Amino acid sequence: MNWLQRLNGWQQLLINMKIHKTSIIHKDAVIGDNVEIGPYCIVDENVIIGSGTKLLPYVHVYPNTKIGKNNIFHQGCIVGGNPQDLKFNNEYSELVIGDNNTIREYCTLNRGTEASGKTIIGSNCLLMAYVHVAHDCIVQDKVILANGVQLGGHSEIHYHATVGGMSPVHQFCKVGQHAFIGGGRVALQDVPPYILANGEPLKYAGINSIGLRRRDFDSDTRALIKRAYKILYLSQFNRSQAISEIKNKLELTEEIKTIINFVENSDRGLI
């Protein structure tokens with residue numbers, strides 16, 4: 001095969017994969033079937049992009065980024081950039097993204113550092129415009145991060161949690177599953193699962209009743225969760241006493257076990 005045939009073959013591949021002619025794709029990048037790459041995108045070396053994923057204009061995917069299937073990255077996203085950490089010394093690290101995520105305009109998603117080696121974003125998440133996910137974060141499945149949310153390094157957002165717009169989450173903080181943080185708030189400590197967090201400073205504002213109903217948690221389950229948090233937040237017990245009371249007085253369903261595990265493993269303390 002001569003050079004002209006190879007060139008024609010590559011051009012046909014670009015057409016089949018819907019890669020715009022102005023984009024720059026490293027020869028070592030692995031691009032799946034039916035991937036669409038719009039104008040002026042850059043895909044660097046050691047990148048994997050799963051089938052059906054779309055990069056809209058001006059998306060830059062940096063080295064050591066692994067992207068799953070059927071994601072959409074809107075205009076101007078920076079995917080897998082270097083950590084904003086002065087300790088970072090160009091060690092190998094990754095950004096790993098699952099499937100079916102919507103990443104809106106100008107999100108910045110950083111790789112990990114040697115601390116954990118990777119930043120992880122799960123599947124079926126919605127990251128709205130200008131979200132920042134820092135190094136070594138873990139964002140689990142079905143998370144919603146509204147416009148302008150800023151995640152500090154090593155923070156964790158658990159399954160189906162929602163963080164309202166313009167709300168920063170301090171480094172190393174955890175937000176429990178099905179929790180909801182109101183917009184324009186600051187999370188300086190861990191936010192337990194199933195609750196609504198609001199106010200300044202951020203505090204427990206009841207359980208996330210609307211979200212739990214929408215996700216088919218029945219009334220008995222919601223009532224049990226509410227009882228657990230009444231013991232934890234509205235009694236005179238300290239944290240260890242409250243957990244002991246919950247263990248002794250409440251049925252240990254999966255939801256109650258999740259609450260106990262979260263509280264017992266909180267390093268930064270609870271809001």
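What you see is a predicted model; the values in this text were computed from it and never measured. FYI, side chains are in, hydrogens and waters are out, and symmetry mates aren't considered; it's all heavy atoms of this structure. For reference, positions follow the sequence shown, starting with 1.
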Parallel, tilted or perpendicular for Y194 and H178, by the 30°/60° rule?
->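 Aromatic pair Y194/H178 classed parallel.
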Which salt bridge (Lys or Arg N to Asp or Glu O under 4.0 Å) pairs, counting each pair once, include a residue from residues 52-75, with sequence neighbours left out?
->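 Only K66-E94 qualify under salt bridge (Lys or Arg N to Asp or Glu O under 4.0 Å).
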Sort and list the pairs that fulfil salt bridge (Lys or Arg N to Asp or Glu O under 4.0 Å) and have at least one residue in residues 222-244, not counting sequence neighbours.
-> none
Start with the C-alpha distance between F73 and I67, add both sets of side-chain angles, then the distance that settles side-chain contact (heavy atoms from CB on, under 4.5 Å), and finish with yes or no.
-> CA-CA 11 Å; F73 294 84; I67 299 171; 3.8 Å; yes
Any donor-acceptor N or O pair under 3.5 Å, side chains [X], [Y]:
{"X": "D99", "Y": "N70", "answer": "no"}
{"X": "T113", "Y": "D136", "answer": "yes"}
{"X": "T221", "Y": "D218", "answer": "yes"}

Single-linkage hydrophobic cluster, 4.5 Å side-chain cutoff, I138 and V169 together =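 No; tracing contacts between hydrophobic side chains, which count when under 4.5 Å, never links both residues.
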To the nearest 0.5 Å, how far apart are [atom1] in [X] and [atom2] in [Y]?
{"X": "N34", "Y": "S51", "atom1": "CG", "atom2": "OG", "result": "7.0 Å"}
{"X": "H26", "Y": "I31", "atom1": "NE2", "atom2": "CD1", "result": "11.5 Å"}
{"X": "H160", "Y": "N124", "atom1": "NE2", "atom2": "CG", "result": "9.0 Å"}
{"X": "L202", "Y": "L188", "atom1": "CG", "atom2": "CG", "result": "8.0 Å"}
{"X": "F217", "Y": "S209", "atom1": "CZ", "atom2": "OG", "result": "11.5 Å"}
{"X": "I103", "Y": "L127", "atom1": "CD1", "atom2": "CG", "result": "4.5 Å"}

For the pair [X] (side chain) and [Y] (backbone), establish whether a donor and an acceptor sit closer than 3.5 Å, ignoring hydrogens and angles.
{"X": "Q171", "Y": "G153", "result": "no"}
{"X": "D190", "Y": "L270", "result": "no"}
{"X": "T65", "Y": "V61", "result": "no"}
{"X": "R268", "Y": "C173", "result": "no"}
{"X": "E91", "Y": "E114", "result": "yes"}
{"X": "S266", "Y": "V263", "result": "no"}
{"X": "S123", "Y": "G98", "result": "no"}
{"X": "E264", "Y": "N261", "result": "no"}
{"X": "T119", "Y": "N110", "result": "yes"}

For S235, all residues meeting side-chain hydrogen bond (donor to acceptor under 3.5 Å, both in side chains), sequence neighbours excluded = none
With sequence neighbours left out, the residues meeting side-chain hydrogen bond (donor to acceptor under 3.5 Å, both in side chains) with T22 are H20
Quick one: side chains of residues 43-50, donor-acceptor pairs under 3.5 Å with protein atoms, not counting sequence neighbours, listed by atom name and distance.
residue : atom : partner : partner atom : Å
D44     : OD2  : H60     : NE2          : 2.9
N46     : ND2  : N64     : OD1          : 2.6

Minimum-distance pair of heavy atoms, taken over all atoms of C107 and M128 =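 Scanning both residues, the minimum pair turns out to be SG-O, 3.1 Å.
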Hey, mind stepping through F88 and N82 against side-chain contact (heavy atoms from CB on, under 4.5 Å) and telling me if it holds?
-> CA-CA 8 Å; F88 180 68; N82 283 351; 3.8 Å; yes
So I78 and L109, side-chain contact (heavy atoms from CB on, under 4.5 Å) or not? Walk me through it.
-> CA-CA 6 Å; I78 303 298; L109 316 177; over 6 Å; no
List the steps, then state whether side-chain contact (heavy atoms from CB on, under 4.5 Å) holds for L145 with L151.
-> CA-CA 9 Å; L145 304 179; L151 301 186; 3.8 Å; yes
So which of I271, N208, V175, I225 actually passes side chain to side chain contact (heavy atoms under 4.5 Å, CB included) with I195?
-> I271
How would you list all residue pairs meeting ring-ring contact (aromatic ring centres under 6.0 Å, His included) that involve residues 97-147, not counting sequence neighbours?
->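 Residue pairs with at least one partner in residues 97-147: Y106-Y130, H135-H154.
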